[in-house]
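In what follows, every heavy atom counts, from backbone to side chain, and hydrogens, waters and symmetry copies are set aside. Below, chains carry the letters A, B, ... as their sequence lines are ordered, and counting in each starts from 1.
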Number of protein chains: 2
Amino acid sequence: MKGLVRGERSRRVLEAVILEYIKGGVPVGSRAIAKKYGLSVSPATIRNVMADLEELGLLYQPHTSAGRVPTELGLRVYIDAILKIQQLSIADREQIRRSYQGGASRLEGLLQETSKVLSSFSKQAGVVLTPRLSHTVFKRIEFVRLRASMVMTILVSQAGIVHNTVFEIKEDISQEELDKYGRYLNDMLQDLALHQVKARLLEEMQKEKVLFDRLLSKALELSQKALQENIENSELYIGGRTNLLDNPEFADVEQMRRIFNAFEEKSKIIDLLDKSMSAGGVNIFIGSESELLDMESVSFITSPYASGDEVLGTLGVIGPTRMDYSRIIPLVDYTAKLLSKMLEETF
Amino acid sequence: MKGLVRGERSRRVLEAVILEYIKGGVPVGSRAIAKKYGLSVSPATIRNVMADLEELGLLYQPHTSAGRVPTELGLRVYIDAILKIQQLSIADREQIRRSYQGGASRLEGLLQETSKVLSSFSKQAGVVLTPRLSHTVFKRIEFVRLRASMVMTILVSQAGIVHNTVFEIKEDISQEELDKYGRYLNDMLQDLALHQVKARLLEEMQKEKVLFDRLLSKALELSQKALQENIENSELYIGGRTNLLDNPEFADVEQMRRIFNAFEEKSKIIDLLDKSMSAGGVNIFIGSESELLDMESVSFITSPYASGDEVLGTLGVIGPTRMDYSRIIPLVDYTAKLLSKMLEETF
DNA sequence: TTTTAGCACTCGCCTCTGTCGAGTGCTAGG
DNA sequence: CCTAGCACTCGACAGAGGCGAGTGCTAAAA
């Protein structure tokens, strides 16, 4: 990839076009570059270089006699080969840390706050994917009798995620008995990952069938029901949607509608974030790379977050392809690390 | 208010203008009304009537030689005095009930689904305000030791609302001991409203101070901490935001931004819904009546929902003032009642 | 007194036109 | 290999003019 742009000068021109385009959002011409980027060559020369870059597919002209705009490939090359990612300034870090002041006492609150931090520092939309229950470690199960034959199950994971389900049972069970079930299960399931819990329960049910122990089989049945629920699902917090309205490329209502539809639908975005969960470090999807159809002019910058060794979810920033990558990449990186640290300390 | 529009004909003209305006979204002229609404008078007569209505402040002209548009007051008069609210058709009801099929096993899911139902049937945005914890009846409290000196409190209300908080304590407490606290508190607080729970706890703490019972005073202290959390807060589910983009009056990006900002901010909308919680039945706020500044062209139609006698929250539809009130008012009404019924059955 | 027909007038919307300026590609000369 | 010069292209913008919907007013009819 790096070989695509051979000369030092080509690189500098590409960089200049991209920086200028990110700043202004309009096609950039040869003159502007010659002037502002101290390359001390004439516009005509720049034009020749730009023509070369266009042939390589890194730039393109919206129409004859307009300036150049970077293509997705151009941005990709820029990010991979030219952009030097510097650290976030001390002041920025300080300010981000301060946004969290007060400390969150609920996981939901912490994650939601994170989406706001991401959005307000990037001036784009911030997203945070919540942990999947099934990937976390079992901590506790609890049954509450809401009323006759209605039982609520509360499931708590090691990481402090709480999930509850309500269901109907055939016969009424007293709260005392439910408490017994709970104690039994809590002993049995300690320290298993939740997706293991499911298997373990089935296994135990086989055993109990033979023993005909009513209490235990009942307990197993109940918890079985609770887990039938989709513990595979993640939620998605989105902050700063309206920031996107400020981007001139989305002045077009059609574009906007597509993005807001994706926000409403969520599933597509969740899939994407899910994919980038396994890959460590910062991930960047430019335009159509995200494979969210109809989302050509949108980029994602994501990073997974964790608690201890357990990768819990992904967070990131969504914005136009014309985004200030040099600022937002370190932002996402730092925020993911900070969140991980906070989760580890609290949960 | 009714006296404002004296003649039968005036009323019919006002109605015609509003219906036509709701349908088309553009100012309506005298000719269209004379033709379509079978008043069997000439456009010129209609014009005279319209001039009268304008003088009363029920209609206005965006500019000379444009048709008329209803004012907020006009809509208000129409809704209060002219509109006959009919029932939702059997087919519609059936379809709404069917949207809920599968039954919700979690309160959150049920409420979120409701916001979607409201939006898809109204073609506008649907909102549902979640119950406030403090207004519900205590059912159960549970402490979970996450790790050394980190405790999670889980609070369950009679209506099936679950709230959890994590906090740090000075000294480590074993899970067994925490369970004891739980049992003690569950006995003591049974059937109290949550806002009473707070008072009761303080009261008990006074007593225990004298008795120096370590276990009890510790339990009280913990639950006290859990309740310091904002159990006053409500969440807001919003469905179908993007439907609003289809309304031509919001083609203007500025307008749109204001509304989406309010969605993001949420607090203003929560306040409004909160207000209309105490008032029974369907509430309608037209344009500036909602007192959400910068929201002139937006109307709210809301209705509280309950479980048994306990009013839990509010739901409603947000759309342009130019909304199909005759359809949406019964929709909101029916949905609120249906939700109430479902809550009562499940929780 | 109320309703209607006729008419002149207003104003937003659309299209057409011409001008301006930014930016290009090409060529010839340094 | 770089640069200056030049003709050309194309979008953005502003102004002119025509169209059509809709009005208010007046005078006559019911």
Side-chain angles (χ1 to χ4, degrees), chain A residues 5-14 16-21 23-71 74 248-249 251-252, chain B residues 5-14 16-21 23-71 74 248-249 251-252:
Chain A
V5 189
R6 280 194 310 268
E8 167 66 14
R9 187 165 63 193
S10 302
R11 258 202 293 277
R12 300 215 31 200
V13 170
L14 178 59
V17 171
I18 289 174
L19 290 181
E20 201 63 12
Y21 179 67
K23 221 196 297 170
V26 289
V28 328
S30 51
R31 181 124 69 101
I33 288 179
K35 253 192 216 160
K36 292 194 199 163
Y37 287 80
L39 291 171
S40 58
V41 287
S42 78
T45 308
I46 303 282
R47 281 204 287 279
N48 287 329
V49 178
M50 282 163 105
D52 292 347
L53 289 171
E54 184 162 11
E55 223 169 324
L56 288 171
L58 305 183
L59 298 180
Y60 87 107
Q61 283 182 287
H63 59 86
T64 330
S65 93
R68 255 75 168 204
V69 163
T71 61
E249 42 266 82
D252 165 30
Chain B
V5 188
R6 279 193 312 268
E8 168 65 12
R9 186 165 64 194
S10 303
R11 257 202 294 278
R12 301 214 33 198
V13 169
L14 177 59
V17 171
I18 289 175
L19 290 182
E20 202 64 12
Y21 179 67
K23 222 197 295 171
V26 289
V28 330
S30 52
R31 180 125 69 102
I33 287 179
K35 255 192 215 161
K36 292 193 199 164
Y37 286 80
L39 291 171
S40 59
V41 288
S42 80
T45 310
I46 303 283
R47 282 205 285 281
N48 288 329
V49 178
M50 282 164 104
D52 292 347
L53 290 172
E54 185 162 9
E55 221 169 326
L56 289 171
L58 305 183
L59 299 180
Y60 87 107
Q61 284 181 289
H63 58 87
T64 329
S65 94
R68 254 76 169 202
V69 162
T71 62
E249 40 267 82
D252 165 30

Rounded to the nearest 0.5 Å, what separation is found between the [atom1] atom of [X] and the [atom2] atom of [Y]?
| X | Y | atom1 | atom2 | answer |
| --- | --- | --- | --- | --- |
| B/Ile18 | B/Thr71 | CD1 | OG1 | 8.0 Å |
| B/Leu56 | B/Ser10 | CG | OG | 8.0 Å |
| A/Leu53 | A/Asn48 | CG | CG | 11.0 Å |
| B/Arg9 | B/Ile46 | CZ | CD1 | 7.0 Å |

Global bending angle along the helix from C/dT1-D/dA30 to C/dG30-D/dC1, which compares the axes of five pairs at either end, to 10 degrees: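 That helix gives 20° between its end axes.
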Distance below 4.0 Å between B/Ser42 side-chain N/O and C/dT3 OP1 or OP2: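 So the side chain of B/Ser42 is outside the cut-off, no N or O lying under 4.0 Å from OP1 or OP2 of C/dT3.
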Letter per nucleotide, 5' to 3', of nucleotides 15-30 of chain D [B base touched, S only sugar-phosphate touched, - untouched; heavy atoms, 4.0 Å]: -------BBB------
Shortest non-hydrogen contact from A/Val26 toward A/Tyr21: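 Closest approach of A/Val26 to A/Tyr21, heavy atoms only: O-CD1, 3.5 Å.
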Closest non-hydrogen atom pair between B/Ala34 and B/Ser42, with its separation: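 Between these two residues, the closest heavy atoms are CB-C, 4.3 Å.
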Atom-pair distance (CG on A/Asp52; C1' on D/dC2), nearest Å: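 One finds 14 Å between C1' of D/dC2 and CG of A/Asp52, rounded.
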B/His63 NE2 to C/dG12 P, straight-line distance once rounded to whole Å: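 Going from NE2 in B/His63 over to P in C/dG12 covers 5 Å.
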Worked check of side chain to side chain contact (heavy atoms under 4.5 Å, CB included) between B/Ser30 and B/Ile33: CA-CA 5 Å; B/Ser30 52; B/Ile33 287 179; 6.0 Å; no
Residue pairs fulfilling salt bridge (charged side-chain N to carboxylate O under 4.0 Å, His left out) with at least one residue in residues 40-68 of chain A, sequence neighbours excluded: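 Salt bridge (charged side-chain N to carboxylate O under 4.0 Å, His left out) check on residues 40-68 of chain A returns A/Glu54-A/Arg68.
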